[in-house]
Amino acid sequence: MKLCICIVHNRDKNKITDELVRAGFKFTVIGSTGGFLREGNTTFLIGIEEEDRVALLKLIGQNCKTREQLVNVAPFDAATTGAFIPSPLKVPVGGAVVFMLPVEQFERY
Ligand code: 2BA
């Protein structure tokens, strides 16, 4: 068994949720926050059997869109002077970040 941890943009949350349900996956949805952008994103915990791994990754890939977003990043020395001179940075957001972990034991009581 595997535990798939999948982080997606909030805008893709409903689409992925619908498709996971439709495909019969069991999962938990957690509201999360990206460390870099500090914006809400969504983390899915999906317990799967090995034979479902390919189908799951395909489902995730087909339902997450990568977008570009401009973010204002404060230069490192701004914090000490209190001055904030934004330097916009274009970062790709969306798509999905996926971790696939082995599960040592799974029990349901
Ligand atoms: P955030 O940390 O808010 O990052 C959003 C996007 O900003 C990232 O997209 C990446 O394109 C960019 N980014 C992140 N850190 C950066 C940096 N130090 N410099 C320049 N650009 C940077 P993704 O890589 O697709 O990540 C989307 C979200 O997935 C992340 O949101 C974070 O919540 C999670 N994530 C990504 N990598 C992770 C990791 N290794 N461990 C845990 N969570 C991760």
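The model shown is predicted, which means the values in this text are computed figures rather than measured ones. First listed ligand is number 1; within each ligand, the first listed atom is number 1.
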task: Considering only NZ, NE, NH1 and NH2 on the basic side and carboxylate oxygens on the acidic side, decide whether Arg67 and Asp12 come within less than 4.0 Å.
output: yes

Contact region, Val97 to ligand 1, non-hydrogen atoms below 4.0 Å, reads side chain

Checking heavy-atom distances from atom 33 (O) of ligand 1 to each of Asn41, Thr66, Ile5, the winner is Asn41

The reported gap from CG in Leu101 to CG in Leu45 (rounded to nearest 0.5 angstrom) is 10.0 Å

Logged contact type for Val71 with ligand 1, heavy-atom cut-off 4.0 Å, is neither

If you measure every N or O of Phe36 against every N or O of ligand 1, does any of those distances drop under 3.5 Å? yes

Would you check if Leu56 and Ile46 make a side-chain contact, meaning some heavy-atom pair closer than 4.5 Å? yes

Val97 side chain reached by Cys6 side chain, heavy atoms, under 4.5 Å
no

_Under a 3.5 Å cutoff, is there a donor and acceptor pairing between the side chains of Gln69 and Glu39?_
yes

Judged by heavy atoms only, the candidate from Val8, Thr43, Ile7 nearest atom 44 (C) of ligand 1 is Ile7

Decide whether Met100 and Met1 are clustered together by the hydrophobic rule: side chain heavy atoms of Ile, Leu, Val, Met, Phe, Trp, Tyr closer than 4.5 Å, transitively.
-> no

For ligand 1 and Val91, I'd like to know whether there is a polar contact (N/O to N/O, distance under 3.5 Å).
no

Q. Under 3.5 Å between some N or O of ligand 1 and some N or O of Pro92?
A. yes

Note: ligand 1 atoms sitting under 4.0 Å from heavy atoms of Gly35 are 1 (P), 2 (O), 3 (O)

One finds that the ligand 1 atoms under 4.0 Å from a non-hydrogen atom of Phe99 are 39 (C), 40 (N), 41 (N), 42 (C)

re atom 3 (O) of ligand 1, the protein heavy-atom contact at minimum distance is Leu37 N, 2.8 Å

- Could an N or O of ligand 1 be found under 3.5 Å from any N or O of Thr33, whether backbone or side chain? no

Sequence neighbours left out, cut at 3.5 Å: what donor-acceptor pairs do the side chains of residues 23-37 make with other protein atoms?
| unit_1 | atom_1 | unit_2 | atom_2 | d |
| --- | --- | --- | --- | --- |
| Ser32 | OG | Asn41 | O | 3.2 |
| Ser32 | OG | Asn41 | OD1 | 2.6 |
| Ser32 | OG | Thr43 | N | 3.4 |
| Ser32 | OG | Thr43 | OG1 | 2.7 |

State yes or no: do Val8 and Val93 share one hydrophobic cluster built from I, L, V, M, F, W and Y residues joined by side-chain heavy-atom distances below 4.5 Å, directly or via other members? no

closest protein heavy atom to atom 31 (O) of ligand 1 is Gly34 CA, 3.5 Å

